Amino acid sequence: MKKYRTHTCGELTKSNKGQKVSLSGWINKKRDHGNLLFLDLRDNYGLTQCVIDKSNDIFKKIEKLSLETVIKISGLVIERDIETINKNISTGEIEIKINELDILGKTKELPMPVFSDQEYSEEIRLKYRFLDLRRKKIHENIILRSKVIAFIRNEMQKLGFLEFQTPILTSSSPEGARDFLVPSRLNPGKFYALPQAPQQFKQLIMISGFDKYFQIAPCFRDEDARADRSPGEFYQLDVEMSFVEQEDVFEVIETLFMKLFKNFSNKKIIHKKFPKITYEESMLKYGSDKPDLRNPLEIIDLTNIFERDDVKFDIFKKLVKNGSIVRSLVTKNTKDKPRSFFDGIDKWAKEQGSSGLAYFTFEKNDQISAKGPIGKFFSEMSLMEIIKQTNANIGDTIFLSCGKKSDVEKLLSVARNKIAEELNLIDKDSFSFCWVVDYPMYEIDEITKKIKFSHNPFSMPQGDINKIDLSNPLKLKAYQYDIVCNGIELSSGAIRNHIPELMYKLFEIAGYSKNDVNNQFSGMINALSYGAPPHGGIAPGIDRIVMLLAGEKNIREVTLFPMNQNAQDIMMNAPSEISEEQLKELNLSIKKKT
RNA sequence: GGGGGUGUAGCUCAGUUGGUUAGAGCACCUGCCUGUCACGCAGGGGGCCGAGGGUUCGAGUCCCUUCACUCCCGCCA
């Protein structure tokens with residue numbers, strides 16, 4: 001017989017009736033009736049009710065045990081009377097009549113309860129993460145994460161992909177996020193960088209002839225946190241394929257995601273074939289390159305309306321004359337919504353740092369008119385034109401934002417979500433995937449006004465490779481794509497540029513000389529010169545996939561040991577100071593704060 | 001770097017217009033209780049009201065500064 005247990009706490013049923021068993025686990029809950037005591041024992045697998053009465057000598061000892069003590073109990077499996085069966089747990093038909101007890105691990109008074117539905121502050125949860133992780137919901141999330149990763153590995157292998165590990169200590173690269181740096185002892189004054197993604201390595205794997213690669217890859221970026229973004233580290237399903245075009249990558253990912261989401265969730269997947277939306281269209285209709293397609297609202301440009309003489313709304317007209325744009329959102333049949341609803345939206349918009357959202361509702365008595373604070377500024381003809389352009393009906397409301405293009409996009413993008421939430425337009429029981437394609441190769445840096453890569457500098461520009469027109473770089477599109485689900489960006493990817501001469505030209509536009517490229521991407525550019533296959537890939541975020549499947553809004557709910565917003569691990573006390581010896585060995589000195 | 005929210009018992013929270021000795025539930029301790037499954041009942045211990053300064057006869061409450069956590073913006077090829 002095993003030392004600690006014959007069964008787990010989740011497996012005994014009435015078919016085990018009469019057996020002498022041993023269970024080990026945590027005391028989840030005690031119900032002490034004075035002469036009779038119930039004790040719920042918990043382990044990874046479930047709960048089992050154990051019972052003891054005062055006729056047993058160890059009754060007094062058990063009474064004194066506090067919750068979360070780890071014990072081993074032995075006793076007989078008893079079938080419960082029908083009226084005392086607990087249907088909520090798998091072992092609810094039976095209980096164990098305790099006759100032996102071993103205390104395996106004592107506990108101090110708990111800083112946070114384990115068995116409770118209450119919510120706790122992040123601080124206490126992260127500090128005592130090992131207690132937090134005993135709680136049901138997050139415990140199950142972490143198990144789900146394990147199963148999702150196992151499933152992905154299995155599917156990828158079935159699709160013919162090979163899993164490889166790439167270096168964790170690598171070189172810093174100039175593009176992209178801030179690097180985490182590691183000083184080199186053997187090379188004083190020099191630093192390794194932790195990979196932001198195995199980008200160059202996965203391309204090198206293709207050039208090495210392995211054809212199809214994947215990895216559950218840790219990625220490190222020293223950027224500020226968000227609810228859906230851990231500070232420090234996260235995991236990607238890193239994928240790269242040789243001799244492929246964009247569509248080949250899409251096919252693999254769609255196959256995998258359909259299976260994955262069907263297997264781990266009951267929510268419906270709205271599109272069997274994921275729709276493709278161009279970057280330009282997405283920015284116009286949704287104000288964002290990660291649209292939530294569960295949301296039926298779409299943004300429509302109405303700048304032209306404010307160039308008409310029969311529209312008297314001078315604030316917008318003046319702005320439009322100076323180059324501003326006007327875009328709108330239409331809500332269906334909202335004429336009976338109280339004034340407080342509309343003013344609430346406007347107030348909210350102002351809180352977002354904008355100048356607010358103007359609005360009016362279409363009415364019809366003798367003629368079409370607009371009701372609302374700015375309604376009087378519009379002639380009937382202009383209203384009819386708005387109705388034509390927006391497909392609105394009488395009774396619908398139109399919200400207007402005016403300003404600089406990027407500001408209008410940003411505001412209406414969040415307003416779209418806000419208004420849809422308020423009107424309950426989003427089907428929370430579904431997944432809506434889409435591809436965002438045709439990203440521009442370059443964009444203007446708003447601060448330096450210089451041309452820079454808008455995404456990945458290694459992407460292949462669209463068009464015939466041999467005669468790509470580089471004279472107007474801002475018009476150049478790349479084979480660069482994102483996959484989005486429910487407004488969450490899961491991944492971006494690209495067909496890579498495998499032609500060194502073309503790469504030099506593209507880098508030159510972004511201000512890198514041939515020498516810069518040779519120095520900063522030496523490994524890659526060198527390898528591309530020795531026979532590189534056309535290749536491309538993608539890297540979906542594992543944490544965000546699990547978040548979606550678990551129905552969580554915060555990435556820490558699916559991460560075992562996350563850091564807090566200031567990138568500290570308050571349980572392990574990281575980051576921490578290091579000794580003088582260590583500094584000396586690394587040739588470093590710390591500047592004292594002034 | 002900027003903006004919002006929060007901070008009161010081990011935990012989750014209440015605390016009126018500034019006014020007696022700062023409360024509740026859970027947890028902990030003591031007692032009672034043989035069918036509970038969020039067991040019940042009675043009692044008890046536990047507070048630098050995040051910190052510092054100010055206004056006031058009097059501050060958990062008002063003002064200023066500051067710290068921590070969190071959400072958002074910037075940032076995230």
Side-chain angles (χ1 to χ4, degrees), chain A residues 28-41 47-55 59 63-64 66-68 78 80-89 91-92 95 97 107-128 131-132 173-179 195-197 199-200 219-232 234 290 348 351-354 407 410-411 414 439 441-443 445-447 452-459 478 480 489 492-494 507 510 520-521 539 541 553-554 556 564-566 568 570:
Chain A
N28 194 58
K29 194 74 193 166
K30 271 188 316 185
R31 290 173 294 279
D32 185 355
H33 293 233
N35 294 315
L36 175 77
L37 181 146
F38 298 98
L39 180 157
D40 295 334
L41 199 65
L47 276 181
T48 301
Q49 173 166 286
C50 307
V51 62
I52 187 166
D53 67 30
K54 67 171 179 196
S55 64
F59 181 84
E63 258 191 324
K64 294 255 184 266
S66 44
L67 300 186
E68 295 306 308
I78 312 282
R80 296 201 206 179
D81 294 339
I82 289 170
E83 61 270 23
T84 62
I85 285 175
N86 184 347
K87 289 188 178 122
N88 298 321
I89 57 175
T91 59
E95 62 195 7
K97 190 162 193 296
T107 176
K108 298 197 281 189
E109 188 174 345
L110 298 171
M112 60 174 284
V114 171
F115 180 62
S116 163
D117 289 332
Q118 253 171 20
E119 306 238 13
Y120 303 94
S121 72
E122 292 279 334
E123 202 172 359
I124 202 86
R125 292 182 61 194
L126 294 183
K127 181 154 187 201
Y128 296 96
L131 289 179
D132 190 35
S173 73
E175 291 282 326
R178 202 175 290 116
D179 284 318
Q196 296 183 22
Q199 179 63 37
Q200 295 190 57
C219 302
F220 306 88
R221 295 178 192 176
D222 188 2
E223 297 296 345
D224 288 352
R226 289 289 183 277
D228 65 349
R229 199 167 84 204
S230 287
F234 62 97
K290 39 184 178 180
W348 166 87
E351 283 165 6
Q352 304 301 302
S354 76
D407 293 341
K410 197 169 290 166
L411 175 67
V414 281
Y439 274 82
M441 190 83 205
Y442 300 101
E443 64 190 16
D445 187 313
E446 292 219 7
I447 297 160
K452 61 171 191 178
F453 288 107
S454 73
H455 256 68
N456 184 326
F458 303 118
S459 298
Q480 165 85 47
E489 180 193 320
S492 53
F507 267 99
Q520 291 172 2
F521 307 101
K553 286 205 171 74
N554 193 304
R556 291 186 294 274
N564 69 10
Q565 199 169 40
N566 294 323
Q568 299 159 339
I570 51 179

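Predicted model, so just to flag it, every value in this text is computed and none were measured. Letters A, B, ... mirror the listed sequences (proteins, then strands); counts begin at 1.
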Anything under 3.5 Å between a protein N or O and an N or O of nucleotides 65-74 of chain B, put it in a table, one pair a line.
residue: B:A68; atom: O2'; partner: A:Glu123; partner atom: OE2; Å: 3.3
residue: B:C69; atom: OP1; partner: A:Asn564; partner atom: ND2; Å: 3.2
residue: B:C69; atom: OP1; partner: A:Asn566; partner atom: ND2; Å: 3.3
residue: B:C69; atom: OP1; partner: A:Gln568; partner atom: OE1; Å: 3.0
residue: B:C69; atom: OP2; partner: A:Asn566; partner atom: ND2; Å: 2.4
residue: B:U70; atom: OP1; partner: A:Gln565; partner atom: N; Å: 3.2
residue: B:U70; atom: OP2; partner: A:Gln565; partner atom: N; Å: 3.1
residue: B:U70; atom: O3'; partner: A:Arg556; partner atom: NH2; Å: 3.3
residue: B:C71; atom: OP1; partner: A:Asn554; partner atom: ND2; Å: 2.8
residue: B:C71; atom: OP1; partner: A:Arg556; partner atom: NH2; Å: 2.6
residue: B:C71; atom: OP2; partner: A:Gln565; partner atom: NE2; Å: 3.4
residue: B:C72; atom: OP2; partner: A:Ala227; partner atom: N; Å: 3.0
residue: B:C73; atom: OP2; partner: A:Arg226; partner atom: NE; Å: 2.7
residue: B:G74; atom: OP1; partner: A:Lys410; partner atom: NZ; Å: 3.1
residue: B:G74; atom: N7; partner: A:Arg226; partner atom: NH2; Å: 2.6
residue: B:G74; atom: O6; partner: A:Asp224; partner atom: OD2; Å: 3.4
residue: B:G74; atom: O6; partner: A:Arg226; partner atom: NH1; Å: 3.1
residue: B:G74; atom: O6; partner: A:Arg226; partner atom: NH2; Å: 3.2
residue: B:G74; atom: N1; partner: A:Asp224; partner atom: OD2; Å: 2.6
residue: B:G74; atom: N2; partner: A:Asp224; partner atom: OD2; Å: 3.4

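- Nucleotides B:U66 and B:G47 place their C1' atoms 22 Å apart, quoted to the nearest Å.
- Residues passing the salt bridge (charged side-chain N to carboxylate O under 4.0 Å, His left out) test with A:Glu68, sequence neighbours excluded: A:Arg42, A:Arg134.
- Comparing the C1' positions of B:C73 and B:U12 gives a spacing of 31 Å, expressed to the nearest Å.
- Residues meeting the ring-ring contact (aromatic ring centres under 6.0 Å, His included) test with A:Tyr442, sequence neighbours left out: A:Phe453.
- Rounded to whole Å, the separation between the P atoms of B:A14 and B:A24 comes to 16 Å.
- For A:Phe458, the ring-ring contact (aromatic ring centres under 6.0 Å, His included) partners at least two apart in sequence or on another chain are A:Phe521.
- Nucleic acid contact for A:Leu37: none, since no nucleic acid atom lies under 4.0 Å from a heavy atom of the residue.
- If you check every strand for non-hydrogen atoms under 4.0 Å, A:Pro457 touches a base.
- By the side-chain hydrogen bond (donor to acceptor under 3.5 Å, both in side chains) test, A:Tyr120 pairs with A:Ser116, sequence neighbours left out.
- Of the P atoms belonging to B:A59 and B:G54, the separation is 12 Å, rounded to the nearest Å.
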Nucleotide-resolved protein contact map, nucleotides 31-44 of chain B, B/S/- at heavy-atom distance under 4.0 Å: --BBBBBSB-----
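- The number of heavy-atom neighbours closer than 6.0 Å to NZ of A:Lys30, taken from other residues, nucleotides and ligands shown, is above 12.
- Applying side-chain contact (heavy atoms from CB on, under 4.5 Å) to A:Arg31 and the options A:Leu39, A:Asp40, A:Leu36 leaves one that passes, A:Asp40.
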